[in-house]
S.K.: 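Here you go, one structure.
Note on naming: letters A, B, ... go to the chains in the order of the sequence lines (proteins, then strands), and numbering restarts at 1 for each one. Everything numeric here is computed off the predicted structure, so don't read it as measured data.
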Protein chains: 2
Amino acid sequence: MESLSSTAYVILGLVREQPRSGYEIKATVDGTTRFFWAASYGQIYPELKRLAEQGLVVGSDAPTGGRRRTVYEITADGEEELKAWLRRPPETYEMREEGLLKLFFAAALEPGEAVEILRAMRAHRLATNAQLRAMKPIAEEKDASYPLLVLEGGLEFTEWFADWCERVEQRILAARGGSGGRGAKA
Amino acid sequence: MESLSSTAYVILGLVREQPRSGYEIKATVDGTTRFFWAASYGQIYPELKRLAEQGLVVGSDAPTGGRRRTVYEITADGEEELKAWLRRPPETYEMREEGLLKLFFAAALEPGEAVEILRAMRAHRLATNAQLRAMKPIAEEKDASYPLLVLEGGLEFTEWFADWCERVEQRILAARGGSGGRGAKA
DNA sequence: GGCCGAATATATCAGGCCGATATATTCGGG
DNA sequence: CCCGAATATATCGGCCTGATATATTCGGCC
């Protein structure tokens, strides 16, 4: 009995709420967990088959007209698997931030160029914050309290990060001596 | 001319500072960038060969006794590649947080169990914070100002995250009605 | 009625990357 | 002299991304 990947549990968690097709699972992930756990078609479809083989989900044909469509729902075994996973302590904590990597090596550039990196990072976080903000009414409407909690955490995180970028930018500019070539276009 | 992976630039950035072997690169990554950009032997060794083929680094034999050892240093072309990359806006922003995923699906559990997830997440962040704190004197000693800036960002982030976990835990406990079975051992 | 583009639905694949493992040598300590 | 830790390189299964391919259906427009 091989243990499942975390992505398998995303699928179990989503089909537990309601029966869904692979396509719907992907769309839901993109609209919710994507910011802290993404999933691609290349994982979802094979994983659904594996979960079906193990009896943790069951698929049934639900075609729309002549287009083939398989909708999956969770089984009692699947529900038990999901709960057992939820009760085990989390193991994966990963981050890949190319901006921080560039900042780490910024000594190879002029100070004005380091500031550009921080501005790009800040702009990215503000954009993510706006996306999350737009999702909030939808989560509130569904009355999904844990997803809402997580979403609010995302809002706070992006705000903290954008603010940090701004403070570091100010520190670098101040260290340069207060005046001198502005360097960039903003 | 295929464009390089971000991991290739980590290598370029590190061998720019000083010539290093694959083993030393891995050790340095584990001691510095690991928190926002990790790299494994399975990437480092093949990547060093590719970079050498493209003339961005040069390797030279530097055996210790009878043990084979290749030390790489950056070339002028490699330095140009690195700077060009540093000047391009960052593209990769990824996070994989199994704890947030579990919290997202916590409706399948009792509230007391959701609290356990938050405690595990908080403990992890506090542990990371302690690790970063231990690294700080080393970074200060080296007078590496950008790496130090990034390290301080990591300290602030882990503190923010741990604090968020605690606040969410309090909210959940309060929503449960102030009293009732405590559930867990701490 | 017919066309087009967007959405629905599934599948595949190259390549990045992780974690574990294997192999061999050298160094420090007891 | 032996052993365990550190140095050094290499390999591999498996997860995951992003792009691409293939069909079908739906909505809007003229």
Side-chain angles (χ1 to χ4, degrees), chain A residues 2-11 14-15 19-31 33-52 57 59-72 85 91-98 101, chain B residues 2-11 14-15 19-31 33-52 57 59-72 85 91-98 101:
Chain A
E2 284 299 306
S3 87
L4 303 171
S5 69
S6 288
T7 299
Y9 293 108
V10 180
I11 294 173
L14 291 180
V15 299
R20 291 183 219 251
S21 70
Y23 184 84
E24 285 168 317
I25 289 168
K26 167 70 169 154
T28 308
V29 164
D30 284 349
T33 71
R34 152 172 69 113
F35 298 100
F36 51 91
W37 205 281
S40 63
Y41 289 128
Q43 296 168 255
I44 292 168
Y45 286 110
E47 195 64 61
L48 278 168
K49 286 189 180 168
R50 248 171 281 147
L51 291 171
V57 300
S60 52
D61 285 2
T64 323
R67 180 166 51 201
R68 160 176 66 124
R69 182 163 176 268
T70 311
V71 175
Y72 295 86
W85 170 74
E91 286 179 350
T92 303
Y93 302 88
E94 281 169 30
M95 217 176 162
R96 290 178 85 71
E97 271 280 328
E98 209 186 358
L101 192 58
Chain B
E2 284 301 305
S3 88
L4 304 170
S5 69
S6 288
T7 300
Y9 292 109
V10 180
I11 294 174
L14 291 179
V15 299
R20 293 183 217 249
S21 67
Y23 184 84
E24 286 169 316
I25 289 168
K26 167 70 168 153
T28 308
V29 163
D30 283 349
T33 70
R34 154 172 66 112
F35 299 101
F36 51 93
W37 205 281
S40 63
Y41 289 128
Q43 297 168 255
I44 292 167
Y45 286 108
E47 195 65 59
L48 277 168
K49 285 189 179 169
R50 249 172 279 148
L51 291 171
V57 300
S60 52
D61 285 2
T64 322
R67 180 167 51 201
R68 163 176 63 125
R69 180 162 176 269
T70 311
V71 175
Y72 295 86
W85 170 74
E91 287 178 350
T92 303
Y93 302 88
E94 281 168 29
M95 216 175 162
R96 290 178 85 72
E97 272 278 329
E98 209 186 358
L101 193 57

S.K.: For the pair A/Glu94 and B/Arg34, find out whether any cationic side-chain nitrogen is under 4.0 Å from an anionic carboxylate oxygen.
M.R.: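 Answer for the salt bridge query: no.
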S.K.: Please compare B/Arg96 and B/Tyr72 by the position of their nearest nucleotide in DNA chain D and report the one closer to 5'.
M.R.: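 On the 5' side of the pair lies B/Tyr72.
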S.K.: Mind calculating the distance between CD1 (B/Ile44) and P (D/dT7) to the nearest angstrom?
M.R.: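 The answer, rounded to whole Å, is 14 Å.
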S.K.: Respond yes when some side-chain nitrogen or oxygen of B/Ser5 is under 4.0 Å from OP1 or OP2 of C/dG15, and no when none is.
M.R.: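 For B/Ser5, the contact criterion (side-chain N or O under 4.0 Å from OP1 or OP2 of C/dG15) is not met.
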S.K.: Heavy atoms only, 4.0 Å cut-off, all strands: where does A/Arg20 land among base, sugar-phosphate and nothing?
M.R.: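 Nothing, no heavy atom under 4.0 Å.
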S.K.: Below the 4.0 Å mark, does C/dA9 have OP1 or OP2 next to a side-chain nitrogen or oxygen of A/Thr64?
M.R.: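 For C/dA9, OP1 or OP2 has a side-chain N or O of A/Thr64 closer than 4.0 Å.
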S.K.: Please check this pair: side chain of A/Tyr45 against backbone of A/Tyr23, looking for a donor-acceptor N/O pair closer than 3.5 Å.
M.R.: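 The answer is yes, because a donor-acceptor pair under 3.5 Å joins these two groups.
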S.K.: Please check if the side chain of B/Arg20 supplies one atom and the backbone of B/Leu14 the other of a donor-acceptor pair under 3.5 Å.
M.R.: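 Checking the backbone N and O of B/Leu14 against the side chain of B/Arg20, a donor-acceptor pair under 3.5 Å is found.
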S.K.: Verify side chain to side chain contact (heavy atoms under 4.5 Å, CB included) between A/Asp61 and A/Val71, making sure each step is shown before the conclusion.
M.R.: CA-CA 6 Å; A/Asp61 285 2; A/Val71 175; over 6 Å; no
S.K.: Go through the steps for A/Trp37 and B/Glu98 under the test side chain to side chain contact (heavy atoms under 4.5 Å, CB included), then give the verdict.
M.R.: CA-CA 7 Å; A/Trp37 205 281; B/Glu98 209 186 358; 4.1 Å; yes
S.K.: Can you name the closest pair of heavy atoms from A/Tyr72 and A/Gly59 and give their distance?
M.R.: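 Nearest heavy atoms, A/Tyr72 then A/Gly59: CD2-CA, 3.5 Å.
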S.K.: For a quick test of reading the model: is some side-chain N or O of A/Thr7 closer than 4.0 Å to OP1 or OP2 of D/dC16?
M.R.: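 For D/dC16, OP1/OP2 do have a side-chain N/O of A/Thr7 under 4.0 Å.
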S.K.: Using only side-chain N and O atoms of A/Arg69, determine if any of them is under 4.0 Å from OP1 or OP2 of D/dT25.
M.R.: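 For D/dT25, neither OP1 nor OP2 has a side-chain N or O of A/Arg69 closer than 4.0 Å.
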S.K.: Figure out the CG/P separation between B/Leu101 and D/dC16, and round it to whole Å.
M.R.: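 After rounding, the gap between these two atoms is 11 Å.
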S.K.: Can you tell me how far C1' of D/dC16 sits from CZ of A/Arg34, to the nearest Å?
M.R.: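 Whole-Å distance recorded here is 17 Å.
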S.K.: Starting from P on C/dA9, measure out to CG on A/Asp61 and report it in whole angstrom.
M.R.: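 It is 13 Å, rounded to the nearest whole Å.
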S.K.: Among D/dT17, C/dG19, D/dA8, which nucleotide has an atom closest to any side-chain atom of B/Ser40?
M.R.: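 Selected nucleotide (nearest to the side chain): C/dG19.
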S.K.: Just the atom pairs and distances: protein N or O near nucleotides 11-14 of chain C's N or O, under 3.5 Å.
M.R.:
residue	atom	partner	partner atom	Å
C/dA11	OP1	A/Arg68	NH1	3.3

S.K.: Between atom CG in B/Leu48 and atom P in C/dC17, what is the gap in whole Å?
M.R.: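 Answer to the nearest Å: 14 Å.
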S.K.: Between atom CD in A/Glu91 and atom P in D/dC15, what is the gap in whole Å?
M.R.: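 These atoms are roughly 15 Å apart.
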S.K.: Do any N or O atoms from the side chain of B/Lys26 and from the backbone of B/Ser40 form a donor-acceptor pair under 3.5 angstrom?
M.R.: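 Pair absent, no side-chain N/O of B/Lys26 close to backbone of B/Ser40.
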S.K.: Between atom CE in B/Met95 and atom P in D/dT17, what is the gap in whole Å?
M.R.: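 From B/Met95 CE to D/dT17 P: 15 Å.
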S.K.: Does a distance-only test, which skips hydrogens and angles, find a donor-acceptor pair under 3.5 Å between the side chain of A/Arg67 and the base of D/dT25?
M.R.: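 No pair found.
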S.K.: Under a 3.5 Å distance rule, please check whether B/Ser21 uses its side chain to pair with a backbone N or O of B/Glu24 as donor and acceptor.
M.R.: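 Indeed, once roles are kept as given, a pair shorter than 3.5 Å links the two residues.
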S.K.: For B/Ala27, report the nucleic acid contact type (base, sugar-phosphate, nothing); a contact means any heavy atom under 4.0 Å.
M.R.: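 Nothing, no heavy atom under 4.0 Å.
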S.K.: Expressed in angstrom and rounded to an integer, what is the separation of A/Tyr23 atom OH from C/dA6 atom C1'?
M.R.: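 That distance rounds to 9 Å.
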S.K.: Tell me whether the side-chain N/O atoms of A/Thr70 come closer than 4.0 Å to OP1 or OP2 in C/dA9.
M.R.: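 A/Thr70 to C/dA9 OP1/OP2: no side-chain N or O under 4.0 Å.
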